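Naming convention: chains lettered A, B, ... in sequence-line order (proteins, then strands); numbering from 1 in each chain. Treat the numbers as computed from the prediction; the structure is a model and nothing was measured.
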Amino acid sequence: MTIIAKILAAFFAIVVISRSVTDYRSKKESLTMTAFWIIVWLAIAAIAFFPTLVDEAIRLSDDSRSGLGTVFGMGLVFVLFISYRIYVKANRVEKALAKLARDFCLSKIKDEKK
Amino acid sequence: MKLAIVIPVFNEGVVIRELIESLPKKIDGIDKIVVIAVNDGSTDNSSDEIRKTKALLVEHPINMGAGAATVTGLEAASKIGADLAITLDGDGQHDPKDIQKLVKPILQNRADLVIGVRSQKSSQMPAIKKIGNAGLNLITYALSRTWTTDSQSGFKCFSREAIDKLEVEGFGYEFCSEIIMEAKRKNIRIAEVPISVIYSEYSKKKGQSIFNGTNIVLKLLFKKLTKSL
């Protein structure tokens, strides 16, 4: 099971990092965002290859009640929050795009409003 | 009285010209009829076929969905100064003869939104669609507290007041239920009239898939949640 997690993490890290660097080079992405995604995915790959890093982090946090479950729970909450934000943003972009397209095509109609 | 007949069109090149030409030229109580065909980013010859008719062509630069096309058509109707607007599907499943029936309750000032109700007992309507419609009727009722016999019907008539008041944002087929939710919110009077449906092989292939139902429900829930906040 751990070997599958390692392969998947490595694969996605390579894809995301190479894509981020390509986007940065073609000026589609800022340096800050490129650095953010590189750090995030290097961290994910590091945890996949060295799972004991999580135990070490828990030990360093000096909270004996925290366990792996807490860490994953926090991760899940974070992922759900991000999903919600993306959904809301996508919805807004969709509405803005529709308004733009609608205004564009209706601008050709003569206004006869009473 | 000026009536706008709004037809959302997406890849209906095969039937759209015939449909537009079959629309009534005279309706009791109506002085002028304007047909507005909203081409929702079709990739076939729909635009060319519409141009061969007298319909007013409104073109979305991209495909945005049946709901978005209907809203664009209603805004166009408002812009040309229509007193009422009919919406009907571009696949030819609605009988243009029923337009008179839909217009009547508005002309008599009995309603501001008239829904054309398809017979759910028709042997021609696929069973899966009957189940899907019944489920969406229940969901629409749960979200709007307004019972409609055919919440998913695309054959509707709107008074000018309804066109101006309703704020519909849905892009896809969820707009049918959204209209009812909005009508309830804005105290718009709703009436229903029975209509006939022309089930051709072509129209059976068109329309919403049952698998789209989940998507519709999710979007309606999100809409309900965001509107009530």
In B:Leu57, B:Val38, B:Thr72, the residue satisfying side chain to side chain contact (heavy atoms under 4.5 Å, CB included) with A:Cys105 is B:Thr72
Using modelled atom types only, decide if a donor and an acceptor are shared between the side chain of A:Arg102 and the backbone of B:Ala69 within a distance under 3.5 Å.
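The answer is no, because no donor-acceptor pair under 3.5 Å joins these two groups.
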Polar side-chain atom of B:Lys79 near backbone of A:Leu106 as donor-acceptor pair, under 3.5 Å
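Here the side-chain-to-backbone pair exists.
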Contact part of B:Val71 toward chain A, heavy-atom cut-off under 4.5 Å: side chain, backbone, both or neither?
both
Does [atom1] belonging to [X] count more than 12 external heavy atoms closer than 6.0 Å?
X: B:Glu21; atom1: CD; answer: yes
X: A:Lys89; atom1: NZ; answer: no
X: A:Met74; atom1: CE; answer: no
X: A:Trp37; atom1: CH2; answer: no
X: A:Phe104; atom1: CZ; answer: no
X: B:Lys104; atom1: NZ; answer: no

Would you give the length of the straight line joining atom NZ of A:Lys99 to atom CD of B:Glu169, rounded to the nearest 0.5 angstrom?
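Taking NZ in A:Lys99 and CD in B:Glu169, the distance rounds to 12.5 Å.
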With side-chain contact (heavy atoms from CB on, under 4.5 Å) as the criterion, how do A:Ile109 and B:Ile36 come out once you've worked through the C-alpha distance, each side chain's angles and the decisive distance to 0.1 Å?
CA-CA 11 Å; A:Ile109 297 174; B:Ile36 301 170; 5.8 Å; no
Tightest non-hydrogen contact, residues A:Ala98 and B:Met64, listed as CA-SD, 3.6 Å
